[in-house]
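Beneath this line is the structure, given in structure tokens, with notes to follow.
Every heavy atom of this structure was used, including side-chain atoms; hydrogens, water molecules and symmetry mates were not. Throughout, a chain's letter reflects where its sequence line sits, starting with A, and its residues are numbered from 1. In this text, all values refer to a predicted model and were calculated from it rather than measured experimentally.
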Amino acid sequence: MATDSTFTAEVERLDRQRNSSLAWFLGSFLVWTLGTIAAMFLLIGVLGLGMWVLAPLYVLPLALWLFFLVRYLLIQSRIRSQPRLAEALNDELVRAAWLKAAAAGFWAMLTAEILVTFWRVLANTTVSIGLVPRNYTLLIDIRSPLVLAIGVGVTIGVYLYHRRD
Amino acid sequence: MPGERLDNQIKVFRARHDLTQADLAERVGVTRKTINTIENGRFVPSTVLALKIARVFGVPVEELFRLE
């Protein structure tokens with residue numbers, strides 16, 4: 001049976017590129033958020049270095065995840081512009097994977113938000129009795145990036161897991 | 001029903017018709033990964049997709065899929 005091998009190859013290529021863009025985005029995003037948090041604790045909080053140490057850990061992963069996010073969006077835009085490609089590449093497995101990923105990401109983010117809220121309450125109590133006031137500032141600063149990292153990490157991680165061969 | 005699993009014969013029919021996963025995917029308008037996950041029992045296709053696959057092989061859908 002003859003088939004359109006060019007079309008099949010194009011679908012495979014775009015699918016691989018789209019998934020690799022998401023994987024690279026996820027990796028660099030996690031380094032950006034979690035790496036910055038780790039640096040705040042270790043380099044600034046423990047070793048007492050200045051804020052300048054954060055610059056490379058912040059800028060390089062930021063540039064990387066922005067690049068791969070734009071790449072992913074450009075691929076999606078190209079797919080959407082061709083109905084036959086869009087039908088194949090946004091098929092029911094892809095839609096089901098995003099649905100599962102969104103549900104997992106929602107619950108992970110909600111759980112993380114609840115946990116860091118209680119963590120912050122504990123931190124406030126610690127500060128009010130005059131112990132380790134430096135931790136108070138650090139905990140406030142890491143709250144949002146931590147919740148964001150968990151939400152994005154679980155969502156894209158679950159999607160890529162369900163799209164594996 | 002709990003414990004029931006959807007078994008399929010797609011791999012057998014593909015071999016009979018000399019089709020690769022990519023060939024079948026192209027004919028029914030999905031990615032090769034989707035065919036792969038259906039064949040391996042990790043993804044249950046919609047009725048529409050199951051009927052499209054059955055149409056490619058020219059058999060009733062019950063010959064391709066059955067509950068075990």
Side-chain angles (χ1 to χ4, degrees), chain A residues 1-26 71-72 74-104 155-165, chain B:
Chain A
M1 289 185 189
T3 56
D4 185 353
S5 59
T6 311
F7 175 78
T8 306
E10 180 72 349
V11 167
E12 283 293 307
R13 193 178 65 81
L14 286 171
D15 195 34
R16 263 199 315 275
Q17 281 184 355
R18 190 171 62 170
N19 285 347
S20 72
S21 292
L22 272 181
W24 275 97
F25 164 78
L26 176 62
R71 186 174 182 244
Y72 173 79
L74 288 175
I75 294 169
Q76 281 291 80
S77 161
R78 188 176 164 199
I79 291 169
R80 271 198 301 269
S81 70
Q82 297 176 56
R84 198 170 164 220
L85 273 180
E87 190 193 345
L89 282 156
N90 294 325
D91 64 11
E92 57 190 68
L93 176 65
V94 171
R95 291 197 299 272
W98 272 124
L99 203 63
K100 285 174 188 167
T155 304
I156 297 180
V158 168
Y159 171 77
L160 291 173
Y161 174 78
H162 285 292
R163 291 285 285 124
R164 76 195 189 282
D165 258 323
Chain B
M1 295 282 282
E4 283 185 333
R5 181 178 166 278
L6 190 68
D7 184 40
N8 73 80
Q9 299 292 312
I10 294 176
K11 199 171 183 176
V12 176
F13 277 89
R14 269 199 313 105
R16 260 184 225 167
H17 287 77
D18 196 24
L19 284 176
T20 63
Q21 287 183 343
D23 295 334
L24 179 59
E26 196 243 321
R27 279 161 184 259
V28 295
V30 297
T31 59
R32 183 194 52 78
K33 275 186 187 175
T34 301
I35 299 297
N36 184 48
T37 51
I38 294 170
E39 264 190 26
N40 293 330
R42 292 210 321 267
F43 178 65
V44 176
S46 67
T47 312
V48 174
L49 182 53
L51 287 167
K52 280 183 181 175
I53 295 170
R55 190 169 61 190
V56 169
F57 297 128
V59 292
V61 75
E62 299 90 331
E63 274 193 46
L64 276 182
F65 297 96
R66 65 164 182 264
L67 280 175
E68 278 201 337

Contact part of Ala9(A) toward chain B, heavy-atom cut-off under 4.5 Å: side chain, backbone, both or neither? neither
Bottom line for Thr34(B): the part with an atom under 4.5 Å from chain A's heavy atoms is both
Would you find more than 12 non-hydrogen atoms of other residues, nucleotides or ligands less than 6.0 Å from Trp98(A) atom CH2? yes
Just so I understand: if I count every heavy-atom pair under 4.5 Å between each of Asp91(A), Leu89(A), Val11(A), Val94(A) and chain B, which residue has the most? Asp91(A)
Pairs under 3.5 angstrom only: tabulate donor-acceptor contacts from the side chains of residues 38-59 of chain B to other protein residues two or more places apart or in another chain.
{"from": "Glu39(B)", "atom 1": "OE1", "to": "Arg14(B)", "atom 2": "NH2", "distance (Å)": "3.3"}
{"from": "Glu39(B)", "atom 1": "OE1", "to": "Gln21(B)", "atom 2": "NE2", "distance (Å)": "3.2"}
{"from": "Glu39(B)", "atom 1": "OE2", "to": "Arg14(B)", "atom 2": "NE", "distance (Å)": "2.5"}
{"from": "Glu39(B)", "atom 1": "OE2", "to": "Arg14(B)", "atom 2": "NH2", "distance (Å)": "3.0"}
{"from": "Asn40(B)", "atom 1": "ND2", "to": "Asn36(B)", "atom 2": "O", "distance (Å)": "3.2"}
{"from": "Asn40(B)", "atom 1": "ND2", "to": "Asn36(B)", "atom 2": "OD1", "distance (Å)": "3.2"}
{"from": "Arg42(B)", "atom 1": "NH2", "to": "Arg164(A)", "atom 2": "O", "distance (Å)": "2.8"}
{"from": "Ser46(B)", "atom 1": "OG", "to": "Glu92(A)", "atom 2": "OE1", "distance (Å)": "2.7"}
{"from": "Ser46(B)", "atom 1": "OG", "to": "Glu92(A)", "atom 2": "OE2", "distance (Å)": "3.2"}
{"from": "Ser46(B)", "atom 1": "OG", "to": "Leu49(B)", "atom 2": "N", "distance (Å)": "3.2"}

Please report the interatomic distance CG(Leu93(A)) to CZ(Arg32(B)), rounded to the nearest 0.5 Å. 11.5 Å
Which of residues 75-88 of chain A have a heavy atom under 4.5 Å from any heavy atom of chain B? Arg84(A), Glu87(A), Ala88(A)
Closest non-hydrogen atoms of Lys33(B) and Asp15(A), given as atom of the first, atom of the second and distance, are CD-OD2, 3.9 Å
